[in-house]
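It should be emphasised that the depicted structure is a prediction, and the values quoted were computed from it without experimental measurement.
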Amino acid sequence: MSNASLSNNIGIWELVEPGVRRKVFEPGRAMMMMEVHFEAGSQSSEHSLPYEQMSYCMKGRFEVVIGGQVHQLSAGKALVIPAGVPHSARALAPGILLDSFTPAR
């Protein structure tokens, strides 16, 4: 999704993958944040971004693959995803991630 598309959808819930929806918050000058809801069993396809990302698990359990390495993420835990590294997430239970990016997308 392009940066222009993100700026047009600030504060609006949108379906981004089957069972995955997100809401992008108003960004700052150097960072941005979004809330992402997953149905159990849903997943994000593998992708990489030119931004550093931190994902904080607000609810649920996830299997997150970062650069081929599998991580378990549960409520109250966070992971850092380096810029340019392929990653994906699969919800093992219904869950919510809070994703932050720098610089702003």
Side-chain angles (χ1 to χ4, degrees):
M1 174 169 281
S2 72
N3 290 345
S5 294
L6 282 174
S7 65
N8 292 335
N9 295 321
I10 301 296
I12 298 170
W13 284 103
E14 59 185 330
L15 186 66
V16 292
E17 307 250 8
V20 181
R21 61 188 180 102
R22 73 174 177 202
K23 178 174 72 172
V24 178
F25 296 98
E26 186 70 38
R29 280 188 241 153
M31 65 182 304
M32 67 162 287
M33 187 168 60
M34 69 176 66
E35 185 174 331
V36 188
H37 290 212
F38 289 76
E39 294 175 7
S42 62
Q43 61 186 38
S44 64
S45 22
E46 185 178 62
H47 60 287
S48 63
L49 301 167
Y51 316 96
E52 184 176 40
Q53 175 179 339
M54 179 174 277
S55 291
Y56 173 77
C57 183
M58 296 172 60
K59 174 184 170 185
R61 292 182 306 111
F62 293 85
E63 181 178 89
V64 181
V65 180
I66 303 171
Q69 186 175 12
V70 178
H71 303 268
Q72 300 297 314
L73 187 60
S74 58
K77 305 291 183 184
L79 289 172
V80 173
I81 302 168
V85 176
H87 58 281
S88 62
R90 182 170 61 90
L92 303 175
I96 301 172
L97 295 178
L98 187 61
D99 290 340
S100 299
F101 304 87
T102 187
R105 291 173 57 177

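- Legend: salt bridge (Lys or Arg N to Asp or Glu O under 4.0 Å) pairs involving residues 32-41, not counting sequence neighbours: none detected.
- When every heavy atom of I10 is checked against every heavy atom of P27, the shortest pair comes out as CD1-CD, 3.9 Å.
- A distance-only check finds no donor-acceptor pair linking the side chain of S48 to the backbone of P86 [under 3.5 Å].
- Contact of the Q72 side chain with the V64 side chain is not registered, since no non-hydrogen atoms from C-beta on lie closer than 4.5 Å.
- Although no hydrogens or angles enter the test, the distance criterion places no donor-acceptor pair under 3.5 Å between the side chain of S100 and the main chain of M33.
- The other residues sharing a hydrophobic cluster with V80 are M54, where clustering joins ILVMFWY side chains under 4.5 Å apart.
- Put simply, CD1 on I96 and NZ on K59 are 5.5 Å apart, with the number rounded to the nearest 0.5 Å.
- In this structure, V65 belongs to a hydrophobic cluster whose other members, linked by side-chain heavy atoms under 4.5 Å apart, are V70.
- The list of ring pair (Phe, Tyr, Trp, His ring centres under 6.0 Å) pairs with a residue in residues 10-46, not counting sequence neighbours, reads W13-H37, F38-F62.
- Under the side chain to side chain contact (heavy atoms under 4.5 Å, CB included) criterion, A75 pairs with no residue, sequence neighbours left out.
- Rounded to the nearest 0.5 Å, atoms OH (Y56) and CG (L73) are 10.0 Å apart.
- The minimum heavy-atom distance between P18 and S42, with the atom names listed, is O-CB, 3.5 Å.
- One hydrophobic cluster, built from ILVMFWY side chains closer than 4.5 Å, holds both L49 and V36.
- The side chain to side chain contact (heavy atoms under 4.5 Å, CB included) search around P94 returns A40, not counting sequence neighbours.
- Side-chain contact between N9 and V24: absent, with no pair of heavy atoms (C-beta onward) separated by less than 4.5 Å.
- Contact detail for R29 and A104: the closest heavy-atom pair is O-CB, 4.4 Å.
- For the atom pair K23 NZ and L98 CG, the distance stands at 10.5 Å (nearest 0.5 Å).
- When the side-chain hydrogen bond (donor to acceptor under 3.5 Å, both in side chains) test is applied to E46, no partner is found at least two apart in sequence or on another chain.
- Every pair passing ring pair (Phe, Tyr, Trp, His ring centres under 6.0 Å) that includes a residue from residues 67-105 is listed here, sequence neighbours excluded: H47-H87.
- Each salt bridge (Lys or Arg N to Asp or Glu O under 4.0 Å) pair with one or both residues in residues 77-89, not counting sequence neighbours, would appear here, but there are none.
- Under the 3.5 Å distance criterion, the side-chain polar atoms of S44 are matched with a main-chain donor or acceptor of A89.
- Remark: E63 engages R90 in a salt bridge (Lys or Arg N to Asp or Glu O under 4.0 Å) (not counting sequence neighbours).
- A donor-acceptor pair shorter than 3.5 Å can be found between the side chains of E17 and S45.
- Closest approach of V20 and L15 over heavy atoms only: O-CD1, 3.3 Å.
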Practice problem: May I have the step-by-step check of salt bridge (Lys or Arg N to Asp or Glu O under 4.0 Å) for E14 and R22, ending in yes or no? | Solution: CA-CA 5 Å; E14 59 185 330; R22 73 174 177 202; 3.1 Å; yes
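- Remark: S55 engages Q53, D99 in a side-chain hydrogen bond (donor to acceptor under 3.5 Å, both in side chains) (not counting sequence neighbours).
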